[in-house]
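Each remark here refers to the structure printed beneath this line.
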Amino acid sequence: MRGNMSANEMTDVFVDEVKLIKVELSGYLTEMMKTKIDHVDRSFFEKFGQAVDRIYGTAATMGYSEIADYCKAIKDVTYMASRSDNMQGHKKVIRMMIECIQNLEEMCSWIYKPKEITLHKNKLIAEVRRAERLNKQEFYSVDKKSCA
C-alpha cells in the first residue's frame, strides 16, 4: 500500500501518527503531575521514552533526520531519568517532556512549510545538545541509556 503513496500522503500518515502519540505523551505527563516530584512514578519517564521511540523510528525511516535525532535524544534522557533518583534532573526532564509535546505539535504544521523547516530543524538540533548536556550533568552515574 505505501509503495503507491505520494510524499505528501506519507507525511500525512507520519503527522497522524505523531498526533496520536502526542495524546499518549500528554497522558503520561498528566499522571506524573498528579504527585509531588519526590514521589513521581519513574516508570512514566520510560513509557514516555518508548512512545517517543516510535516517532523516532518513523522519522528515521522517512529521512527526517533532525526529528529523528531529537526524538532519540528525548528517548535517551527520559530513559536515564527513569533509572535515576535525581529529583533536580527529574524536574529538568519533565520540562523537556512538556517542551517535547509542544515541539511535536508545532512540527505537525511546519513539516508542510518548506520555508520554515530550516528554522525548526536548527531548534531541534539545539534541543538535542541540551538533552545531551542534561544527561552528562544530571545522570552521569546512570549506566544504561535505553531499555533495549
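What's counted below: heavy atoms across the whole structure, side chains too, no hydrogens, waters or symmetry copies.
T58 contributes no side-chain N or O that, together with a main-chain N or O of I55, makes up a donor-acceptor pair within less than 3.5 Å. No donor-acceptor pair closer than 3.5 Å links the side chain of H90 to the backbone N or O of V40.
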Given side-chain contact (heavy atoms from CB on, under 4.5 Å), test E46 with R83 step by step and report yes or no.
CA-CA 9 Å; E46 188 172 316; R83 306 272 185 285; 2.9 Å; yes

Can you check side-chain contact (heavy atoms from CB on, under 4.5 Å) on I67 and Y56, steps first, answer last?
CA-CA 7 Å; I67 297 169; Y56 160 73; over 6 Å; no

Test side-chain contact (heavy atoms from CB on, under 4.5 Å) applied to Y28 and E24, step by step
CA-CA 7 Å; Y28 297 143; E24 185 179 335; 2.8 Å; yes

Would you check, one step at a time, whether the test salt bridge (Lys or Arg N to Asp or Glu O under 4.0 Å) holds for E31 with K34?
CA-CA 5 Å; E31 288 302 311; K34 289 180 179 178; 2.9 Å; yes

Go through the steps to decide whether D41 and M32 satisfy the test side-chain contact (heavy atoms from CB on, under 4.5 Å), and finish with yes or no.
CA-CA 7 Å; D41 182 346; M32 292 173 85; over 6 Å; no

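Residues L25 and M97 are not in side-chain contact: their nearest non-hydrogen atoms beyond the backbone lie 4.5 Å or more apart. Within the 4.5 Å cutoff, the side chain of K123 has heavy atoms near those of the E106 side chain. Between F44 and T30 there is no side-chain heavy-atom pair separated by less than 4.5 Å. The shortest side-chain heavy-atom distance between L119 and W110 does not fall under the 4.5 Å cut-off. The side-chain heavy atoms of D69 and L124, taken from C-beta on, include no pair separated by under 4.5 Å. Two residues are said to be in side-chain contact when any heavy atoms from C-beta on lie closer than 4.5 Å; M33 and L29 meet this criterion.
Side-chain contact check for S84 and E138: no donor-acceptor pair (N or O, by modelled atom type) lies under 3.5 Å. For Y112 and D12, the side-chain atoms include at least one donor-acceptor pair closer than 3.5 Å.
The pair E105-K22 counts as a salt bridge, with a side-chain nitrogen and a carboxylate oxygen less than 4.0 angstrom apart.
Note that CD of E127 is 12.0 Å distant from SG of C71, once rounded to the nearest 0.5 Å. Separating the CE atom in M80 from the NZ atom in K136 is a distance of 10.0 Å, to the nearest 0.5 Å. Distance CE/M96 to CD/Q102: 12.0 Å, rounded to 0.5 Å.
The two residues A68 and A59 come nearest to each other via the heavy atoms N-CB, 3.8 Å. Nearest heavy-atom pair, T78 versus G49, reported as atom, atom and distance to 0.1 Å: OG1-CA, 3.2 Å. Here the closest heavy-atom approach between residue I74 and residue C100 is recorded as CG2-SG, 4.1 Å. Across N103 and Y70, no two heavy atoms sit closer than the pair ND2-OH, 2.9 Å. The two residues T11 and M62 come nearest to each other via the heavy atoms N-CE, 3.9 Å. I21 and A51 get closest at one heavy-atom pair: CG2-O, 3.6 Å.
When ring centroids are compared, Y64 and F14 come within the 6.0 Å threshold.
Under the side-chain contact (heavy atoms from CB on, under 4.5 Å) criterion, N122 pairs with T118, I125, not counting sequence neighbours. In terms of the salt bridge (charged side-chain N to carboxylate O under 4.0 Å, His left out) criterion, residue partners of E99 (sequence neighbours excluded) are, by chain and number, R130. For K47, the side-chain hydrogen bond (donor to acceptor under 3.5 Å, both in side chains) criterion is met by no residue, not counting sequence neighbours.
Under the 4.5 Å side-chain contact rule for hydrophobic residues, M10 and L20 do not share a cluster.
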